[in-house]
Q: 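A single structure is presented below for examination.
Treat the numbers as computed from the prediction; the structure is a model and nothing was measured.
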Amino acid sequence: MKFMNIKNSFKALTFAAYAVAVCSAFVNTASAQSVEQLQQLRERAQQSQSGAATPSVSPLSISTQRTLPGASASANTMGQFSTQPRNGVNLPGEPTIDTVFPAQAPMENPPFAANLFIGGFESERSSGLNDNYLIAPGDKISIWLWGAVNFSDVVTVDNQGNIFIPNIGPIRIANTPAGSVNQTVTGKIRQVYTNDVNVYVNLLTSTPVSLYVSGPVLRPGQYAGLASDSVLYYLKRAGGIDFQRGSFRQIDIVRNGKVVASADLYAFFRSGKLPEISFKDGDTILVHPIGNTIVVETGARNSFTFEFLNEELNGGVVNYFARPGEFASHASVSGIRNNKQFARYVSVEEFASLKLSAGDTVEYIADHEPQIYRINVAGAFAGASQVMVDKGARLIDVLDHIEADTTLSDTQNIYLLRESVAVKQKEIIEEGLQRLERSMYTAPISSTGEGAIRAQEAQLVADFIARARQVEPQGRVVVSENGEIANILLEPNDTIVIPEVTDLIHVGGEVLLPQSVVFNPDATTEDYVAWAGGFTERAEDERILIVRKNGNVTFTSVNDSFLSSNDSKLEPGDQIIVLPAIDTKILQAVKDITQIVYQIAIAANVATD
């Protein structure tokens, strides 16, 4: 019983101490103005108790900062006021160019002068004033007078275009160039104070103007700048002219409902002319819709979409702006006339007087018939490596003008390299590769095991085809045989190759040691193969390729079979190529692959007889 009374007394004392501490804390809250301060006082009261337990949950335990939903802890966030500029950052839901304009494919022939709007009008503009800036109302001018009269003040140009100086009166300086302000003000002051007065005048600030940019521009709206800024500066601020809808030729500056100046960007692009105007508050730069267009596709230095006035729709104006290439001889014109197709192919001179219509398409074409060819010379020769010949020249006629040393030049085995032949041989190889692909991917399958084998074969064939397509034929034309040279017609850019005299036989392909061996008139093909280390395991010894010095091709074998003949007798400079053997048990399209291998190995050798 006594123990219970002591326990109750201890609880009463603890409660009383707690109450005193809390009351003391609340007395100190007379100056507390926030929930945060109340929370701090409560924590102090709890800490003042000895053996106090962990503070319990309280209605005062709330956040000290209230924000809008979705707000972050940063100072400059949505839902909080910020005085910093947005720097081009769009607000959620704010329209942008991507949402307003549908995505358009790039224009193959953009408008002429379109690159004006990638120039540095805004980012590279100088912050200082230029001497041609015209003084406007609101500009501030600093004036100092010393000597017989002392005066120092910053005056403002009033709405009437004047500044006022005590004892001098109003001085009109509106529309005065900034470079002439000192001279103008000093002259007026000298009229009153003629002696012993020094004058210094300085233009401090210029008044920004606010004007509107409207019409087919990317970002029409209201923009601020200096009165001396150009039309291009404000158009760049508005994102430039819309290439599909806006005119580069008809840009008006409207003031109080009247057109006070007009700009033609073609005139600026060609001669640097822009309207000389000082902008005022409320001016509007109005871009008109695009006018008549002519598209110059190819053959000109300026292959663009041009906009022309009605009186400019003729070939002479197009020639002036498009600047056709030096070798352009004809112009192709296509369009619509009276709802019918219209097409003309005329010389450039006739095109200058041709009347055009909006929407026409023009191509300049170099249609001169070549009368002089360039022939290249390579190999063992002396003199120039290029020869200019008349149309219709033949090989022997040109050889008479090529210097060669008969002791070093093998003039009996001359051959040609011709571009048209190389193209044709590339087509032949490609046709064979396509045929091989069809035979591999369309072959029937009789069992699952065979299908797995065919899949592996198809991968091998695909790798072979990929490599074969990288081969570039030489376009070699055989024109010499047994010391005789075919007097063939030459084509533009032919290359006459005069081989060097050599004493070597070149051995390559499926041999162990591909190398060049000194010619031995008594040696056979088998001897040269042996000197090159012999055949590899994949070699085809029954059909050995011999590429002659003149580009001709023969076959031989080590067994001197029917493939061998007098034609297979080796000569200095010949190449022996041992081809790989194709295993018929692995690949199904052996015939096609063998044919392609031979075509690639021969590498564009074409006989003329």
Q: Hey, what do you get for OG1 (Thr502) to CG (Asp574), rounding to the nearest 0.5 Å?
A: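 Rounded to the nearest 0.5 Å, the OG1-CG separation comes to 10.5 Å.
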
Q: Quick one, Val578 with Asp541, criterion side chain to side chain contact (heavy atoms under 4.5 Å, CB included). Give me CA distance, side-chain angles, the key distance, then yes/no.
A: CA-CA 7 Å; Val578 180; Asp541 57 357; over 6 Å; no

Q: Below 4.5 Å, heavy atoms only, C-beta onward: do Arg418 and Ile488 meet side chain to side chain?
A: yes

Q: Return the minimal non-hydrogen interatomic distance between Ala468 and Leu433, and the atom names on each side.
A: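 Closest pair (atom of Ala468, atom of Leu433, distance): CB-CD2, 3.7 Å.
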
Q: Is there side-chain contact between Asn493 and Arg374, with heavy atoms separated by less than 4.5 Å?
A: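 Answer yes - side chains close enough.
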
Q: Between Ile251 and Leu235, is any pair of side-chain heavy atoms under 4.5 Å apart?
A: yes

Q: Side chains of Asn319 and Tyr364: is there a donor and an acceptor less than 3.5 Å apart?
A: yes

Q: Could you please spell out the steps behind the side chain to side chain contact (heavy atoms under 4.5 Å, CB included) verdict for Arg548 and Asn413?
A: CA-CA 9 Å; Arg548 300 296 185 184; Asn413 291 297; over 6 Å; no

Q: Any idea which heavy atoms bring Val511 and Val507 closest together, and the distance?
A: CG1-CG1, 4.2 Å

Q: Got a donor-acceptor contact below 3.5 angstrom from the Lys273 side chain to the Tyr266 backbone?
A: no

Q: For Leu513, is the CG atom crowded, meaning more than 12 foreign heavy atoms sit under 6.0 Å from it?
A: yes

Q: Mind checking whether Val518 and Leu504 have side chains closer than 4.5 Å, heavy atoms only?
A: yes

Q: Please evaluate residues Leu399 and Thr411 with respect to the criterion side chain to side chain contact (heavy atoms under 4.5 Å, CB included), reporting the C-alpha separation (whole Å), side-chain torsions for both, the decisive distance (0.1 Å), and the verdict.
A: CA-CA 10 Å; Leu399 291 177; Thr411 57; over 6 Å; no

Q: Side chains of Leu416 and Leu490, heavy atoms from C-beta outward: is any pair under 4.5 Å?
A: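 Result yes, sub-4.5 Å side-chain heavy-atom pair found.
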
Q: Can you confirm whether more than 12 heavy atoms, excluding those of Gln386, are under 6.0 Å from its CD atom?
A: yes

Q: Is it the case that more than 12 heavy atoms not belonging to Asn339 sit under 6.0 Å from its CG atom?
A: no

Q: Would you compute the distance between atom OH of Tyr373 and atom CG of Leu489 and round it to the nearest 0.5 angstrom?
A: 8.0 Å

Q: Is it the case that the side chain of Ser329 and the backbone of Asp367 share a donor-acceptor pair, with hydrogens and angles ignored and the cut-off at 3.5 Å?
A: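 Yes: the side chain of Ser329 pairs with the backbone of Asp367.
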
Q: Do side-chain atoms of Arg249 reach the backbone of Gly291 as a donor and acceptor pair under 3.5 angstrom?
A: no

Q: Is it the case that the side chain of Lys424 and the backbone of Gly475 share a donor-acceptor pair, with hydrogens and angles ignored and the cut-off at 3.5 Å?
A: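 No, Lys424 side chain to Gly475 backbone: no donor-acceptor pair under 3.5 Å.
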
Q: Apply side chain to side chain contact (heavy atoms under 4.5 Å, CB included) to the pair Asn302 and Val296, showing each step before the final yes or no.
A: CA-CA 8 Å; Asn302 297 326; Val296 177; over 6 Å; no

Q: Looking at Asn550 and Ser480, would you say the former's side chain and the latter's main chain have a donor-acceptor pair under 3.5 Å?
A: yes

Q: Would you check if there is a donor-acceptor pair between the side chains of Thr361 and Glu297 at a distance under 3.5 Å?
A: no

Q: Enumerate the residue pairs fulfilling ring pair (Phe, Tyr, Trp, His ring centres under 6.0 Å) with a member in residues 503-529, sequence neighbours excluded, ordered by first and then second residue.
A: Tyr528-Trp531

Q: May I ask you to test the Leu265-Ile241 pair for a side-chain heavy-atom distance under 4.5 Å?
A: yes

Q: Locate the shortest heavy-atom distance separating Ile375 from Ile496; write the atom from each residue and the value.
A: CG2-CD1, 3.8 Å

Q: Treating Arg538 as the side-chain partner and Pro580 as the backbone partner, does any N or O pair qualify as donor plus acceptor under 3.5 Å?
A: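 Looks like no, no N/O pair under 3.5 Å.
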
Q: More than 12 heavy atoms of other residues, nucleotides or ligands under 6.0 Å from CD of Glu311: yes or no?
A: yes

Q: With no hydrogens and no angle check, is any side-chain donor or acceptor of Asn338 less than 3.5 Å from a backbone partner on Lys340?
A: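 Pair absent, no side-chain N/O of Asn338 close to backbone of Lys340.
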
Q: Rounded to the nearest 0.5 Å, what's the gap from CG on Asp264 to CZ on Arg270? Could you check?
A: 12.0 Å

Q: Got a second to check how far Leu512's CG is from Thr536's OG1, nearest 0.5 Å?
A: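 So the gap between those two atoms works out to 6.5 Å.
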
Q: On a heavy-atom basis, which atom in Phe381 and which in Ser409 lie closest, and how many Å separate them?
A: N-OG, 4.3 Å

Q: Determine whether a donor-acceptor pair (N or O, by modelled atom type, separation under 3.5 Å) exists between the side chain of Ser353 and the backbone of Glu350.
A: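 Confirmed, Ser353 side chain pairs with Glu350 backbone.
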
Q: Counting N and O atoms only, with roles assigned by atom type, does the side chain of Thr305 sit under 3.5 Å from a partner on the main chain of Asn109, one being a donor and the other an acceptor?
A: yes

Q: Show the nearest heavy-atom pair for residues Pro289 and Ser247, with the distance to one decimal.
A: O-CB, 3.3 Å

Q: Please tell me whether Phe112 and Phe248 form a close aromatic pair, meaning their ring centres lie under 6.0 Å apart.
A: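 No, ring centres 6.0 Å or more apart.
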
Q: How long is the straight-line distance from CD of Glu431 back to CG of Leu436, given to the nearest 0.5 Å?
A: 13.5 Å

Q: Counting only heavy atoms not in Phe342 (residues, nucleotides, ligands), do more than 12 fall under 6.0 Å from its CZ?
A: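 Yes, CZ of Phe342 has more than 12 neighbouring heavy atoms, counting only those of other groups under 6.0 Å.
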
Q: Answer yes or no: is there a side-chain heavy-atom contact under 4.5 Å between Gln341 and Ile336?
A: yes

Q: With a 6.0 Å cut-off on ring centres, are Phe308 and Phe321 close enough?
A: yes

Q: What distance do Ile576 atom CD1 and Thr525 atom OG1 have between them, rounded to the nearest 0.5 Å?
A: 5.0 Å

Q: Any carboxylate oxygen within less than 4.0 angstrom of a Lys/Arg side-chain nitrogen, looking at Asp360 and Arg337?
A: yes

Q: If I compare all heavy atoms of Ser303 with all of Thr298, which pair ends up nearest, and what's the gap?
A: OG-CA, 3.9 Å

Q: For a 4.5 angstrom cut-off between non-hydrogen side-chain atoms, does Ile290 reach Pro216?
A: no

